[in-house]
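Each remark here refers to the structure printed beneath this line.
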Amino acid sequence: VLILPGAFAARMLGIPHVWHIREIIEKHHISPFLWNIWRWLILSLSARVVCISAAVRQQFGDNRKAVVIHDGIDTELFRPQKSGRSKKVTTFGIVGRLEHRRKGQDTFIEAARIALESHKDLRFVIVGHEREDIADREQSLRETVRRHGLSQQIEFRGLVPREQMPELMHELDVLVLCSKQPEGLGIVLLEAMASGTAVISFAEGGPLDVIQDRVNGLLVPPQNTRGLAEAMLELAGNARLRKSLGAEGRKTVESGFRNEVTAGEIERIYRQIRK
């Protein structure tokens with residue numbers, strides 16, 4: 001959001017400007033006073049403000065410049081694949097940069113601890129890494145896992161290269177999105193759903209544009225760690241539900257969250273403002 005030069009240059013040259021907003025900024029990144037200033041600048045300097053979800057769009061009130069165009073993904077790269085591995089152990093995963101505390105890895109670990117009290121055949125994978133100059137976050141999370149005696153059940157995978165993400169999604173039975181602040185949308189959620197992997201998300205922000213509870217995923221009240229653990233246990237004990245959610249998730253992404261759909265909508269916006 002804080003990239004102004006392009007917008008000012010467009011205004012000086014009389015060129016239409018489109019601003020793409022990808023986060024819910026209003027409540028979590030800057031003060032309300034500063035947000036009011038930024039919102040005014042964004043709307044004043046842009047012909048259109050493209051928002052990646054209804055939750056992001058809501059920040060701009062009823063201003064008609066703000067429109068929703070969901071992110072898309074490559075549904076050929078991320079697609080279902082039959083797995084030959086044993087299903088005796090259900091694998092849950094969370095994906096996100098570790099220096100971003102808002103991604104909720106500590107919530108994931110606590111929910112895992114609660115779930116493991118009732119069901120021992122569970123495995124948890126934390127995917128993500130820190131910048132080289134920030135190394136304390138992962139150490140803190142690892143210490144939490146050791147303190148709970150869960151080092152055998154919770155694995156820190158570190159950085160997974162982009163080209164290996166489809167393989168990771170096939171490894172997981174369930175992808176969990178439990179961020180502490182609402183996500184603008186959640187690309188990793190779309191990638192998992194496109195892969196036929198069941199998903200659990202907190203019921204807030206952009207994921208509400210994607211998930212219908214118990215149709216193509218499970219929604220849990222925000223910051224409800226015990227509710228998250230209960231959702232994990234339900235999916236661990238119900239392979240049929242996991243399969244159903246995964247199949248419906250794939251249909252959802254194919255119908256409205258493909259790269260081709262996103263590109264077409266953005267092209268339509270650019271054609272509109274050129275008239």
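- At least one donor-acceptor pair under 3.5 Å links the side chain of N216 to the backbone N or O of V210.
- Residue pairs meeting the salt bridge (charged side-chain N to carboxylate O under 4.0 Å, His left out) criterion with at least one partner in residues 232-256, sequence neighbours excluded, are R214-E234, E248-K251, R250-E254.
- Remark: the backbone N or O of T252 is paired with a side-chain donor or acceptor of S255 at under 3.5 angstrom.
- In this view, R268 and E265 satisfy the salt bridge (Lys or Arg N to Asp or Glu O under 4.0 Å) rule, not counting sequence neighbours.
- Residues N63 and R39 are not in side-chain contact: their nearest non-hydrogen atoms beyond the backbone lie 4.5 Å or more apart.
- Cluster membership check: V160 shares its hydrophobic cluster with I187, using side-chain heavy-atom separations under 4.5 Å among Ile, Leu, Val, Met, Phe, Trp and Tyr.
- Taking hydrophobic clusters as Ile, Leu, Val, Met, Phe, Trp and Tyr residues chained together by side-chain heavy-atom distances below 4.5 Å, I37 shares a cluster with L43.
- S179 and E204 get closest at one heavy-atom pair: O-OE2, 4.0 Å.
- Note that CG of L141 and CD1 of I126 are 6.0 Å apart. Values are rounded to the nearest 0.5 Å.
- By the 4.0 Å N-to-carboxylate-O rule, R271 lies close enough to E267 to be salt-bridged with it.
- Contact between A203 and P222 at its shortest, heavy atoms only, is O-CG, 3.8 Å.
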| task | Check step by step if side chain to side chain contact (heavy atoms under 4.5 Å, CB included) holds for F108 and V125. | result | CA-CA 10 Å; F108 180 77; V125 179; over 6 Å; no
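- Nearest approach of T262 to G72, heavy atoms of both residues: OG1-N, 2.9 Å.
- Using a cutoff of 4.0 Å between basic side-chain nitrogens and carboxylate oxygens, D106 and K180 are scored as salt-bridged.
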| query | Going through the distances and angles, do L219 and L208 end up as a side chain to side chain contact (heavy atoms under 4.5 Å, CB included)? | reply | CA-CA 9 Å; L219 292 173; L208 294 178; 4.0 Å; yes
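- Residues P80 and A194 share a closest heavy-atom pair of CD-O, 3.3 Å.
- When the shell of 6.0 Å around CD of E163 is examined, it contains more than 12 heavy atoms from other residues, nucleotides or ligands.
- Side-chain contact check for L122 versus Q153: every heavy-atom pair is 4.5 Å or farther apart.
- Placement of V18 and I69 within a single hydrophobic cluster is found when ILVMFWY residues are connected by side-chain heavy-atom separations under 4.5 Å, directly or transitively.
- Rounding to the nearest 0.5 Å gives a distance of 11.5 Å between OG1 of T144 and CD of Q105.
- With a 4.5 Å cut-off on side-chain heavy atoms, H148 and L116 do not count as touching.
- I24 places a side-chain heavy atom less than 4.5 Å from the side chain of V56.
- When the salt bridge (Lys or Arg N to Asp or Glu O under 4.0 Å) test is applied to E110, the partners found at least two apart in sequence or on another chain are R113.
- In this structure, the side chains of E183 and K103 come closer than 4.5 Å at one or more pairs of heavy atoms.
- Between the side chain of S53 and the backbone N or O of G184 there is at least one donor-acceptor pair closer than 3.5 Å.
- For F257, the ring pair (Phe, Tyr, Trp, His ring centres under 6.0 Å) criterion is met by H70, not counting sequence neighbours.
- Residue M12 belongs to no hydrophobic cluster, having no ILVMFWY side-chain heavy atom closer than 4.5 Å to its own.
- Put simply, the side chain of R123 reaches to within 4.5 Å of the side chain of E171, judged on heavy atoms.
- Each of V95, I211, V188, V220 was compared with L177 under the side-chain contact (heavy atoms from CB on, under 4.5 Å) criterion, and only V188 meets it.
- Cluster partners of L159: none. The rule joins Ile, Leu, Val, Met, Phe, Trp and Tyr whenever side-chain heavy atoms lie under 4.5 Å apart, and it links nothing here.
- Residue pairs satisfying the ring pair (Phe, Tyr, Trp, His ring centres under 6.0 Å) criterion with at least one member in residues 190-220, sequence neighbours excluded, are absent.
- The structure places CD of E260 at 10.5 Å from CD1 of I73, a figure rounded to the nearest 0.5 Å.
- Interatomic distance, F124 CZ to R157 CZ, rounded to the nearest 0.5 Å: 14.5 Å.
- Shown here are the side chain to side chain contact (heavy atoms under 4.5 Å, CB included) partners of A111, two or more places apart in sequence or in another chain: T225, L228, A229, M232.
- Scored by the side chain to side chain contact (heavy atoms under 4.5 Å, CB included) test, P16 finds A47, I273 as partners (sequence neighbours excluded).
- Within the structure, every pair that satisfies the salt bridge (charged side-chain N to carboxylate O under 4.0 Å, His left out) test and touches residues 54-71, not counting sequence neighbours, is listed here: R22-D71.
- The line from CD of E230 to CD1 of I200 is 11.0 Å long, rounded to the nearest 0.5 Å.
- When the shell of 6.0 Å around CZ of R226 is examined, it contains 12 or fewer heavy atoms from other residues, nucleotides or ligands.
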| request: Go through the steps for H17 and S46 under the test side chain to side chain contact (heavy atoms under 4.5 Å, CB included), then give the verdict. | output: CA-CA 5 Å; H17 179 266; S46 303; 3.3 Å; yes
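- V145 places a side-chain heavy atom less than 4.5 Å from the side chain of F156.
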| query | Does the pair V127 and I94 meet the rule for a side chain to side chain contact (heavy atoms under 4.5 Å, CB included), with working shown? | reply | CA-CA 6 Å; V127 177; I94 184 173; over 6 Å; no
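- Among residues two or more places apart in sequence or in another chain, the salt bridge (Lys or Arg N to Asp or Glu O under 4.0 Å) test is passed with R162 by E191.
- Atoms CD and CZ, on Q139 and R146 in that order, are 5.5 Å from each other to the nearest 0.5 Å.
- Taking every heavy atom of both residues into account, L4 and W19 meet most closely at CD2-CH2, 3.6 Å.
- For R11, there are no salt bridge (Lys or Arg N to Asp or Glu O under 4.0 Å) partners two or more places apart in sequence or in a different chain.
- L190 and L77 fall within a single hydrophobic cluster, where Ile, Leu, Val, Met, Phe, Trp and Tyr side chains are chained together by heavy-atom contacts under 4.5 Å.
- Residues L98 and L150 share a single hydrophobic cluster, defined by chaining ILVMFWY side chains whose heavy atoms lie under 4.5 Å apart.
- Between W35 and F60, the distance separating the two ring centers is shorter than 6.0 angstrom.
- L175 and L172 make their closest contact through CD2-CD1, 4.0 Å (heavy atoms, listed as atom of the first residue, atom of the second, distance).
- At least one donor-acceptor pair under 3.5 Å links the side chain of T197 to the backbone N or O of M169.
- Annotation for Q223: atom CD counts as buried by contact number, over 12 foreign heavy atoms lying within 6.0 Å.
- Using a 4.5 Å heavy-atom cutoff, the side chains of L245 and V199 are not in contact.
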